[in-house]
Amino acid sequence: MEENNNSGSQPSGDSSSPREKKAVNAIGIVGYNILALVFYTLLFKLVANDGGMFLDAFVLFIHVIFCLGMSIGKRSGWWLLSSLLVLIIGFSTCVAIGFNLNMH
(Lines give C-alpha, C1' and ligand atoms only; values in the text may rest on other atoms or scores of the structure.)
Protein backbone atom coordinates (compact mmCIF):
# COMPACT_ATOMS: atom_id res chain seq x y z
CA MET A 1 0.00 0.00 0.00
CA GLU A 2 1.23 3.45 -0.95
CA GLU A 3 1.34 6.16 1.67
CA ASN A 4 0.43 9.72 0.78
CA ASN A 5 3.00 11.87 2.54
CA ASN A 6 1.72 15.44 2.44
CA SER A 7 3.88 17.08 5.06
CA GLY A 8 3.49 20.54 3.56
CA SER A 9 6.20 20.21 0.94
CA GLN A 10 5.69 21.90 -2.41
CA PRO A 11 6.50 20.40 -5.81
CA SER A 12 9.97 21.37 -6.96
CA GLY A 13 8.74 23.40 -9.94
CA ASP A 14 6.29 25.59 -8.02
CA SER A 15 7.53 27.97 -5.33
CA SER A 16 4.22 29.69 -4.53
CA SER A 17 1.37 28.22 -2.55
CA PRO A 18 -2.15 27.81 -3.97
CA ARG A 19 -3.37 30.43 -1.51
CA GLU A 20 -0.91 33.01 -2.91
CA LYS A 21 -2.00 32.19 -6.46
CA LYS A 22 -5.65 32.62 -5.50
CA ALA A 23 -4.93 36.02 -3.92
CA VAL A 24 -3.05 37.18 -7.02
CA ASN A 25 -5.91 36.03 -9.27
CA ALA A 26 -8.47 37.69 -7.01
CA ILE A 27 -6.68 41.05 -6.96
CA GLY A 28 -6.57 40.77 -10.74
CA ILE A 29 -10.38 41.13 -10.71
CA VAL A 30 -10.00 44.59 -9.20
CA GLY A 31 -7.17 45.51 -11.56
CA TYR A 32 -9.03 44.45 -14.70
CA ASN A 33 -12.16 46.33 -13.66
CA ILE A 34 -10.21 49.52 -13.01
CA LEU A 35 -8.41 49.06 -16.34
CA ALA A 36 -11.77 48.70 -18.10
CA LEU A 37 -13.01 51.86 -16.36
CA VAL A 38 -9.97 53.82 -17.53
CA PHE A 39 -10.30 52.47 -21.06
CA TYR A 40 -13.94 53.34 -21.66
CA THR A 41 -13.71 56.68 -19.85
CA LEU A 42 -10.82 57.77 -22.08
CA LEU A 43 -12.57 56.39 -25.15
CA PHE A 44 -15.77 58.33 -24.47
CA LYS A 45 -13.82 61.49 -23.63
CA LEU A 46 -11.80 61.34 -26.84
CA VAL A 47 -14.57 60.25 -29.21
CA ALA A 48 -17.51 62.37 -28.06
CA ASN A 49 -16.46 65.42 -26.12
CA ASP A 50 -19.86 66.85 -25.09
CA GLY A 51 -22.24 63.86 -24.90
CA GLY A 52 -19.55 61.34 -24.10
CA MET A 53 -19.77 61.83 -20.36
CA PHE A 54 -23.48 60.98 -20.35
CA LEU A 55 -22.70 57.74 -22.16
CA ASP A 56 -19.78 57.18 -19.78
CA ALA A 57 -22.09 57.61 -16.78
CA PHE A 58 -24.52 55.06 -18.26
CA VAL A 59 -21.76 52.51 -18.93
CA LEU A 60 -20.35 53.20 -15.46
CA PHE A 61 -23.75 52.40 -13.93
CA ILE A 62 -23.96 49.14 -15.92
CA HIS A 63 -20.38 48.27 -14.87
CA VAL A 64 -21.17 48.78 -11.17
CA ILE A 65 -24.38 46.72 -11.42
CA PHE A 66 -22.45 43.94 -13.20
CA CYS A 67 -19.77 43.89 -10.47
CA LEU A 68 -22.43 43.81 -7.76
CA GLY A 69 -24.16 40.91 -9.52
CA MET A 70 -20.88 39.01 -9.78
CA SER A 71 -20.24 39.75 -6.11
CA ILE A 72 -23.55 38.17 -5.14
CA GLY A 73 -23.31 35.31 -7.62
CA LYS A 74 -19.76 34.28 -6.78
CA ARG A 75 -19.95 35.37 -3.14
CA SER A 76 -16.70 37.22 -3.59
CA GLY A 77 -15.57 40.26 -1.68
CA TRP A 78 -13.17 41.11 -4.51
CA TRP A 79 -16.08 41.77 -6.88
CA LEU A 80 -17.71 43.94 -4.21
CA LEU A 81 -14.46 45.86 -3.78
CA SER A 82 -14.31 46.27 -7.56
CA SER A 83 -17.83 47.67 -7.68
CA LEU A 84 -17.08 50.17 -4.92
CA LEU A 85 -13.82 51.32 -6.50
CA VAL A 86 -15.39 51.61 -9.96
CA LEU A 87 -18.25 53.62 -8.47
CA ILE A 88 -16.01 55.96 -6.47
CA ILE A 89 -13.36 56.49 -9.16
CA GLY A 90 -15.88 56.67 -12.00
CA PHE A 91 -18.20 59.12 -10.24
CA SER A 92 -15.36 61.40 -9.20
CA THR A 93 -13.95 61.31 -12.74
CA CYS A 94 -17.32 62.20 -14.26
CA VAL A 95 -17.75 65.07 -11.81
CA ALA A 96 -14.21 66.38 -12.43
CA ILE A 97 -14.58 66.21 -16.20
CA GLY A 98 -18.06 67.74 -15.97
CA PHE A 99 -16.75 70.71 -14.01
CA ASN A 100 -13.88 71.04 -16.48
CA LEU A 101 -16.35 71.14 -19.41
CA ASN A 102 -18.43 73.81 -17.70
CA MET A 103 -15.37 76.01 -17.12
CA HIS A 104 -14.53 76.32 -20.81
Side-chain angles (χ1 to χ4, degrees):
M1 199 181 238
E2 212 174 289
E3 223 178 281
N4 189 2
N5 189 3
N6 254 349
S7 61
S9 64
Q10 295 290 327
S12 61
D14 189 14
S15 63
S16 62
S17 71
R19 188 173 207 175
E20 289 174 3
K21 282 184 181 180
K22 189 174 182 180
V24 170
N25 291 339
I27 197 73
I29 293 170
V30 177
Y32 288 132
N33 278 295
I34 301 250
L35 188 64
L37 171 69
V38 168
F39 176 74
Y40 66 73
T41 300
L42 287 175
L43 182 69
F44 291 141
K45 175 64 178 155
L46 295 175
V47 171
N49 198 12
D50 293 332
M53 286 301 106
F54 291 111
L55 188 57
D56 184 39
F58 179 72
V59 173
L60 175 71
F61 176 73
I62 298 298
H63 192 170
V64 170
I65 295 300
F66 174 78
C67 288
L68 283 173
M70 291 297 286
S71 158
I72 293 168
K74 294 201 178 263
R75 293 189 176 129
S76 171
W78 293 104
W79 281 102
L80 182 62
L81 178 63
S82 291
S83 67
L84 290 174
L85 288 175
V86 166
L87 179 65
I88 292 167
I89 295 169
F91 179 76
S92 61
T93 302
C94 282
V95 168
I97 291 174
F99 280 134
N100 192 20
L101 289 177
N102 290 337
M103 293 291 215
H104 290 101

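Since this is a predicted model, take the numbers as computed values, not measurements. The analysis underlying the following values was restricted to heavy atoms, covering all of them including side chains, and did not include hydrogens, waters or symmetry mates.
Rounded to the nearest 0.5 angstrom, Thr93 OG1 and Leu42 CG are separated by 9.0 Å. The line from CG of Leu87 to OG of Ser82 is 12.0 Å long, rounded to the nearest 0.5 Å.
The other residues sharing a hydrophobic cluster with Ile65 are Phe58, Phe61, Ile62, where clustering joins ILVMFWY side chains under 4.5 Å apart.
Considering all non-hydrogen atoms of both residues, Leu37 and Gly90 come closest at CD2-N, 3.9 Å.
Under the 4.5 Å side-chain heavy-atom criterion for grouping Ile, Leu, Val, Met, Phe, Trp and Tyr, Leu84 is not connected to Leu35 through any hydrophobic cluster. In terms of hydrophobic clustering, with Ile, Leu, Val, Met, Phe, Trp and Tyr side chains grouped at heavy-atom distances under 4.5 Å, Met70 and Ile27 are assigned to a common cluster. When the side chains of ILVMFWY residues are joined at heavy-atom separations under 4.5 Å, either directly or via intervening members, Val86 and Leu55 end up in a single hydrophobic cluster.
Judged as a side chain to side chain donor-acceptor pair (under 3.5 Å), and not counting sequence neighbours, the contacts of Thr41 are Asp56. The side chain to side chain contact (heavy atoms under 4.5 Å, CB included) test applied to Phe91 returns Val95, not counting sequence neighbours.
Inter-residue side-chain proximity for Asn33 and Leu85 is flagged as unmet; no heavy-atom pair is nearer than 4.5 Å. No side-chain heavy atom of Ile72 sits less than 4.5 Å from a side-chain heavy atom of Trp79.
Under the 3.5 Å distance criterion, the side-chain polar atoms of Ser71 are left unmatched by any main-chain donor or acceptor of Cys67.
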